[in-house]
Novice: 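What follows is a structure written as structure tokens; I'll ask about it next.
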Amino acid sequence: MTDSAARLANDFIRQIIRRDLAQGKNEGRVITRFPPEPNGFLHIGHAKSIVLNFGIAREFAAADGVRETRCHLRFDDTNPSTEDLRYVEAIQEDVQWLGYDWGEHLYFASDYFEEMYSFAQELIRKGLAYVDSQSEKEIRERRGTVTEPGIPSPHRGRSVEANLDLFRRMRAGEFAEGEHVLRAKIDMASPNMLMRDPLLYRIRHVEHYRTGDEWCIYPLYDFAHPLGDALEGITHSLCTLEFENNREVYDWLVENTSVPYRPHQYEFARLNLDFTIMSKRKLLRLVKEGDVEGWDDPRMPTIAGLRRRGITPQAIRTFCEMIGVARSDSRVDMGKLEYAVRDDLNQKAPRVLCVLDPLKVVITDWPQGKTDELEAPHYPHDVPLEGSRILPFSRELYIDRDDFAEDPPKGFRRLVLGGEVRLRYGYIIRCQEVVKDAQGRITELRCTHDPGSRGGSAPDGRKVKGTIHWVSAAHALPCRVRLYDRLFTVPDPDAAAAGRGEDGDIRDFLNPESLEVKEGALVEPSVADDPPDTRYQFERVGYFWRDPVESEGDALVFNRIETLRDTWAKVGTKLAAGGVEREGRDAPARRKGRDGSEDGAAGEPHAGEPGAPPELPPEVKARATELESQFQLERVDAEILARDAEVERFFRVAVEEWPDGALPLANWIINELPPLQGDRPLEALPFGPGELAELVELVEEGTISSSGGRQALEVLARDGGEPGAIVERLDLAQISDPTVLRPIVLDVVEAHPDKVKAYMTGKKGLMGFFMGQVMRETRGKANPEVAKGLLSEVLDG
RNA sequence: UGGCCCGUCGUCUAAUGGCAGGACACCGGUCUUUGGAACCGGCGGUGGUGGUUCGAAUCCACCCGGGCCAACCA
């Protein structure tokens, strides 16, 4: 597998969509949405969501059984005090720049205010919402805590008429902010805090950037979001993990209002990237406090920042596909983004020469005033693009200061006194003399050249290890180069700040060296003719492009998009670590690895001790003891059965049906039933203890295999029925006859000669593979002992 | 602490009861007029303990660790 990106993504969300499609849900529609709040700029975490949502719409358009796919852009603008048109515009620009198109499906939650108002009235009429007139503080205090239930509002019992009237007057502007709110009437004792009568509407006498002063009541997220989704016919509403608890409210709302569609919410892990932050609020603060130059500062993780830095939309999309989509909290290594950026630019960036820190080189045997025009290709041999430019070569040149060493570290392949080096596309030169100023600083190198090496190849075929970049002093263009590094000094600034307690501040972990400006850099003259948005590789240095903001007019200001991989810098770091006083080029500039992670974990707590059994209510314990002695069950099993009276009853009735089957019945009830049960109560199952007993007995007596038993149980749990009949209908009778099984076993073995060889040479784990094949062939009907015996007979000789 | 969710190489992510695989990173090598790219090879993982099963990363129980929830934010 050389191209992982080519492999179609199959994350859990796409699996759900495929499943829904296969089951004919939503009439073959796959409709997603990206729902930003216009209260800040989008960042790379949003890019993950954009690529997911728009990517799904694009991808599934061609899938089987699909009638329609699309992805909406919906502004979730229900909070007038933080939102602004300027953000709406910036967000649209960012989404488009990333390469996505919402077509005509641009929506605003604020466009639904009237409809939402009607849904609120509907809830009131159904007795499912009420106007609460407690103060904000009272509401908060009476919500209870995670361990204690809340206290119902004294206004919870208001009549439908009173609620309707009050709500109408809220809208009419008769009340001040905070005087009343509209609340859903759900459950003040719910273990899910969000279900404790969530607020639906609040009064805000604030002008909304779109609806002006048309409204003075505004819906809250929990109310507006599901309704917006439903109104737009969203089928799969994808959001991040922190909204997990909100799903219960979401479902409650779409089930209790007469919305046209029934959308479903699925949550995935938001993106966390090392050495940066993703909170819009915190990013806004960096902007406001001047820590960065704006939302589009190239150090920012914002789309605008990445764009200004020079990163391409393709690189961001690739990155998003590389990191995948899952449900576990994660933190992605910067290296992954860097890889995506380099991989993209390597394929398209023309190569040019630029000297960041110039050191003068005089070619003493080069005639004064003579200029040689060298043709240099824009791309290396392995990039399939054409193009070249002219590189002027003259007596006075500049090279980068760290491409010369008076006292070279081991392995140094660049210029040294008395040594040779190749000037890229130019000549091989030899350093004859080092000129220093009064302070001992090197000011000039005096070199001679090999006239026969024009273009860089030695006429006599001698090996010149080093090749360095250079510019001609008389022709080079002065420029400013901005080198960016990570914004923070620690991988997880939020955690680091939190680790400092109350007054922890992420700004304490800002990297003071996140921007280094090279004022006196010199770039080859050819760049003057290029389009201003050209992304270059400055050979041996990194990828750069002209800063679109600072490069007004002729000013040449370059941003470093990304460094090149630099194995020499790594050697330098290692040498330094080994106590050798040497530094590779740039070595200290980039901190690799997870330094700064502070507090080394001392004294890991030990996991896995058996641990005291959970403290059960005495009554449960007593019933467990009873079960334990009555049926000779293991204590743990007895307790599991006793924990739920309904489960215990189920078990007891089943045992009545089959008195000898207590143990297997307990096993099946404990281990096999729960996953099939889902969230249905036992009583809601389409079968009872009698059927289970019958089924388990069929397994125990060998009529069907345990695998067959599980298959039958699946059917039983789904459709109900009579076990014997199911076994009959599905043809699940166990195959224990060796004469029947043997040919199947032989077939399986013959079909996999390579596996057999591997097995013979010791890979015994393959027995599971062969068993699996036999089971597959027999649809789980093979008697495992017999099959295994046969297999072992064949394979082990 | 109540509820919900999540634990797979250093990192991200597959395997949906049947061979623990890929990517990034790292290490070594080949090649090289970029210490780039490419290519080849290597290192390295199912949090723990029990149980169910012929077979468990996957199902069950407990433990450990992590996340989210007590805004009139989203």
Side-chain angles (χ1 to χ4, degrees), chain A residues 1 4 7 10-11 15 37 39 76 78-79 82 136 139-140 143-148 150 177-178 181 190-194 196 199 201-204 220-221 225 241-246 248 267 269 274 322-324 326-333 335-336 339 342 346 351 380-383 411 413 422 424-425 455-457 464 466-467 469 537 539-540 564-569 571 584-585 593-594 605-614 634 636-637 639-640 667-668 670-672 674-675 706-707 710 755 758 763 765-773 775-776 783-785 787-788:
Chain A
M1 189 86 238
S4 68
R7 189 170 34 193
N10 193 29
D11 49 75
Q15 288 179 19
E37 186 192 9
N39 67 346
D76 226 336
T78 57
N79 185 0
T82 55
E136 193 174 337
I139 290 176
R140 195 177 330 116
R143 191 148 24 218
T145 69
V146 289
T147 49
E148 310 156 46
E177 289 185 10
V181 291
S190 172
N192 178 354
M193 297 293 294
L194 293 172
R196 319 248 259 227
L199 273 62
Y201 270 91
R202 80 287 216 187
I203 299 170
R204 274 293 110 92
L220 282 122
Y221 171 87
H225 204 89
L241 246 26
E242 66 269 26
F243 290 97
E244 243 175 312
N245 298 324
N246 300 65
E248 208 176 342
E267 311 87 22
D274 271 354
M322 280 172 76
I323 59 175
R327 268 182 77 81
S328 54
D329 273 307
S330 56
R331 171 161 290 278
V332 176
D333 196 299
K336 226 150 193 158
Y339 173 85
R342 290 188 188 115
N346 176 48
R351 272 62 170 173
H381 59 91
D382 51 359
V383 172
R413 303 220 289 252
R422 174 184 300 105
R424 181 76 161 156
Y425 311 122
S457 46
V464 176
T467 301
H469 55 281
Q537 184 191 109
E539 290 206 47
R540 305 209 307 127
L564 249 32
R565 257 184 85 228
D566 188 351
T567 49
W568 174 242
V571 172
R585 172 162 61 110
R594 309 231 155 170
H606 275 275
E609 299 306 321
E634 289 293 327
V636 274
D637 294 341
E639 282 179 355
I640 294 168
N667 279 339
W668 279 75
I670 292 169
N671 295 308
E672 307 295 343
S706 59
S707 159
R710 277 189 296 271
K755 304 286 188 197
K763 198 168 179 193
L766 249 20
M767 180 54 83
F769 166 78
F770 288 114
M771 275 296 286
Q773 293 299 309
M775 285 301 180
R776 181 157 308 161
N783 178 317
E785 272 96 14
K788 193 168 220 165

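First the proteins, then the strands, lettered A, B, ... as listed; each starts at 1.
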Novice: Please state the C1' separation for the pair A71(B) and G65(B) - nearest whole angstrom.
Specialist: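 Those two atoms are separated by 29 Å.
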Novice: Base, sugar-phosphate, or nothing for Pro675(A), non-hydrogen atoms under 4.0 angstrom?
Specialist: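 The answer is sugar-phosphate, as Pro675(A) gets under 4.0 Å only of primed atoms, P, OP1 or OP2.
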Novice: Reckon Leu199(A) touches a base, only the sugar-phosphate, or nothing at all at heavy-atom distances under 4.0 Å?
Specialist: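 Base contact - Leu199(A) has a heavy atom under 4.0 Å of at least one base atom.
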Novice: Does a nitrogen or oxygen in the side chain of Tyr221(A) sit under 4.0 Å from OP1 or OP2 of C73(B)?
Specialist: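 For Tyr221(A), the contact criterion (side-chain N or O under 4.0 Å from OP1 or OP2 of C73(B)) is not met.
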Novice: Can you say whether a donor on the side chain of Asp329(A) sits under 3.5 Å from an acceptor on the base of G7(B), or the other way round?
Specialist: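 No such pair is found, so the answer is no.
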Novice: Mind calculating the distance between NE2 (His381(A)) and C1' (C31(B)) to the nearest angstrom?
Specialist: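 These atoms are roughly 8 Å apart.
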Novice: Is any side-chain N or O of Gln537(A) under 3.5 Å from a base N or O of U34(B), one able to act as donor and the other as acceptor?
Specialist: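 Pair found.
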Novice: Just compare G18(B), G36(B), C69(B) and give me whichever is closest to any side-chain atom of Met771(A).
Specialist: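 Given the options G18(B), G36(B), C69(B), the side chain of Met771(A) is closest to G18(B).
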Novice: How many Å lie between CD on Glu672(A) and C1' on U53(B), as a whole number?
Specialist: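 Whole-Å distance recorded here is 8 Å.
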Novice: In terms of side-chain heavy atoms of Asn671(A), which of A70(B), A37(B), G51(B) is nearest?
Specialist: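 Minimum distance to the Asn671(A) side chain belongs to G51(B).
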Novice: Within the 4.0 Å heavy-atom criterion, would you say Lys336(A) contacts the bases, only the backbone, or no part of the nucleic acid?
Specialist: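 Since a base atom lies under 4.0 Å of Lys336(A), the category is base.
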Novice: Would one find a side-chain N or O of Arg202(A) under 4.0 angstrom from OP1 or OP2 of C73(B)?
Specialist: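 For C73(B), OP1/OP2 do have a side-chain N/O of Arg202(A) under 4.0 Å.
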Novice: With heavy atoms under 4.0 Å as the rule, sort Arg143(A) into base, sugar-phosphate or nothing.
Specialist: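 Touches sugar-phosphate only.
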Novice: Consider the side chain of Ile139(A), meaning its heavy atoms from C-beta on, and name the nucleotide among U11(B), C72(B), C54(B) that approaches it most closely.
Specialist: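 Nearest to the side chain of Ile139(A) among the choices is C72(B).
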Novice: Touch check for Glu242(A), heavy atoms < 4.0 angstrom, all strands: base, sugar-phosphate only, or nothing?
Specialist: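 Sugar-phosphate, backbone atoms only, no base.
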Novice: Students often get this wrong, so: under 4.0 angstrom with heavy atoms, is Phe769(A) touching a base, only sugar-phosphate, or nothing?
Specialist: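 Base: the residue Phe769(A), judged by heavy atoms under 4.0 Å, touches a nucleobase.
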Novice: Look at the side chain of Asn667(A) and decide which nucleotide, out of U52(B), C72(B), C12(B), has an atom nearest to it.
Specialist: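 Nearest to the side-chain atoms of Asn667(A), counting from C-beta on, is U52(B).
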Novice: Check the distance between C72(B)'s C1' and Glu136(A)'s CD and give it to me in whole angstrom.
Specialist: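 So the CD-C1' distance, Glu136(A) to C72(B), works out to 5 Å.
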Novice: Rounded to the Å, how far apart are Met767(A) CE and A20(B) P?
Specialist: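 For the pair Met767(A) CE and A20(B) P, the rounded distance is 14 Å.
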Novice: Taking any heavy-atom pair under 4.0 Å as a contact, classify Arg710(A): base, sugar-phosphate, or nothing.
Specialist: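 Since a base atom lies under 4.0 Å of Arg710(A), the category is base.
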Novice: Using a 4.0 Å heavy-atom cut-off, does Gly178(A) contact any base of the nucleic acid, only the sugar-phosphate backbone, or nothing at all?
Specialist: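 The answer is base, as Gly178(A) lies within the cut-off (heavy atoms under 4.0 Å) of a base atom.
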Novice: Pairs counted only when both distances fall under 3.5 Å, Watson-Crick or G-U: show me the 5' to 3' dot-bracket for RNA chain B, [ ] for pseudoknotted crossings and | for other-strand partners.
Specialist: .((((((..((((....[..)))).(((((.......)))))....(((((..]....))))))))))).....
Novice: Answer yes or no as to whether G35(B) has its base stacked against Trp568(A), where stacking requires a ring-centre separation under 5.5 angstrom and planes under 30 degrees apart.
Specialist: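 Yes; centroid distance and tilt both under limits.
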Novice: Tell me the interatomic distance from Asp637(A), atom CG, to G51(B), atom C1', rounded to whole angstroms.
Specialist: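 About 7 Å, once rounded to whole Å.
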Novice: May I ask you to decide if Leu194(A)'s main-chain N or O and Asn246(A)'s side chain share a donor-acceptor pair within less than 3.5 Å?
Specialist: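 Judged by distance alone, no pair lies under 3.5 Å.
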Novice: Using a cut-off of under 3.5 Å, enumerate the N/O to N/O pairs linking the protein to nucleotides 3-5 of chain B.
Specialist:
unit_1 : atom_1 : unit_2    : atom_2 : d
G3(B)  : N2     : Asn245(A) : OD1    : 3.3
G3(B)  : N2     : Asn245(A) : ND2    : 3.4
C5(B)  : O4'    : Glu244(A) : OE2    : 2.8
C5(B)  : O3'    : Arg327(A) : NH2    : 3.3
C5(B)  : O2'    : Glu244(A) : OE2    : 3.0
C5(B)  : O2'    : Arg327(A) : NH2    : 3.3

Novice: Could you verify whether a donor N or O on one side chain and an acceptor N or O on the other, from Glu37(A) and Thr82(A), lie under 3.5 Å apart?
Specialist: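 Thr82(A) and Glu37(A) do have a side-chain donor-acceptor pair below 3.5 Å.
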Novice: In terms of side-chain heavy atoms of Phe243(A), which of A74(B), A70(B), U13(B) is nearest?
Specialist: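 Selected nucleotide: A74(B).
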Novice: Identify whether any heavy atom of Val636(A) sits under 4.0 Å from a base atom; if not, whether one sits that close to sugar-phosphate; answer base, sugar-phosphate or nothing.
Specialist: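 It contacts nothing in the nucleic acid.
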Novice: State whether the side chain of Arg351(A) and the backbone N or O of Glu539(A) hold a donor-acceptor pair below 3.5 Å, judged by distance alone.
Specialist: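 Checked: no pair found.
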Novice: Are any of Arg342(A)'s side-chain N or O atoms less than 4.0 Å away from OP1 or OP2 of A37(B)?
Specialist: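 For A37(B), OP1/OP2 do not have a side-chain N/O of Arg342(A) under 4.0 Å.
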Novice: Classify the glycosidic conformation of A23(B) as syn or anti, calling it syn when the angle lies within 90° of 0.
Specialist: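 Glycosidic conformation of A23(B): anti.
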Novice: Without decimals, in angstroms, what is the distance between His225(A) NE2 and A71(B) P?
Specialist: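 To the nearest whole Å, that distance equals 21 Å.
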Novice: Check whether any side-chain N or O of Arg565(A) sits under 4.0 Å from OP1 or OP2 of A37(B), and answer yes or no.
Specialist: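 Yes.
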Novice: So do the side chains of Tyr339(A) and Met322(A) get within less than 4.5 Å of each other, counting heavy atoms only?
Specialist: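 A side-chain contact under 4.5 Å exists here.
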Novice: By the 4.0 Å heavy-atom rule, please label Asn246(A) as base, sugar-phosphate, or nothing.
Specialist: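 Base, at least one base atom sits under 4.0 Å.
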Novice: Could you check which of C12(B), C60(B), U53(B) has an atom nearest any side-chain atom of Ser706(A)?
Specialist: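 Of all the options, the side chain of Ser706(A) is nearest to U53(B).
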Novice: Excluding sequence neighbours, so at least two apart, what forms side chain to side chain contact (heavy atoms under 4.5 Å, CB included) with Asn667(A)?
Specialist: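 Testing Asn667(A) for side chain to side chain contact (heavy atoms under 4.5 Å, CB included), a comparison that skips the adjacent residues, returns Asp637(A), Asn671(A).
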Novice: Kindly say if Ser328(A) contacts the phosphate of U13(B), meaning a side-chain N or O under 4.0 Å from OP1 or OP2.
Specialist: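 Yes, such a contact exists.
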Novice: Round to the nearest Å and state the distance from Met193(A) atom CE to G2(B) atom C1'.
Specialist: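 For the pair Met193(A) CE and G2(B) C1', the rounded distance is 10 Å.
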Novice: Do the side-chain N or O atoms of Ser330(A) get closer than 4.0 angstrom to the phosphate oxygens (OP1, OP2) of U13(B)?
Specialist: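 Checking Ser330(A) against U13(B): at least one side-chain N or O falls below 4.0 Å of OP1 or OP2.
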Novice: Please give, in whole Å, the distance from G66(B) P to Arg331(A) CZ?
Specialist: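 Spelled out: CZ on Arg331(A) to P on G66(B) is 15 Å.
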Novice: Assign Thr78(A) to base, sugar-phosphate, or nothing according to its heavy-atom contacts below 4.0 angstrom with the strands shown.
Specialist: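 Sugar-phosphate contact only.
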Novice: Identify whether any heavy atom of Arg204(A) sits under 4.0 Å from a base atom; if not, whether one sits that close to sugar-phosphate; answer base, sugar-phosphate or nothing.
Specialist: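 Contact class for Arg204(A): base.
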Novice: Answer yes or no: side-chain N or O of Gln15(A) and base N or O of U16(B) forming a donor-acceptor pair under 3.5 Å.
Specialist: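 Checked by distance alone, the answer is yes.
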Novice: Report which part of the nucleic acid Gly411(A) touches: base, sugar-phosphate, or nothing (heavy-atom distance under 4.0 Å, all strands).
Specialist: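 Counting heavy atoms under 4.0 Å across all strands, the contact made by Gly411(A) includes a base.
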Novice: Verify the neighbour count for atom CD of Glu634(A): are there more than 12 heavy atoms of other residues, nucleotides or ligands below 6.0 Å?
Specialist: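 Counting other residues, nucleotides and ligands, CD of Glu634(A) stays at 12 neighbours or fewer.
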Novice: Met775(A) near the nucleic acid: base, sugar-phosphate alone, or nothing, with a heavy-atom cut-off under 4.0 Å?
Specialist: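 Base contact.
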Novice: Of the options G36(B), C12(B), C60(B), whose atoms approach the side-chain atoms of Pro674(A) most closely?
Specialist: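 That would be C60(B).
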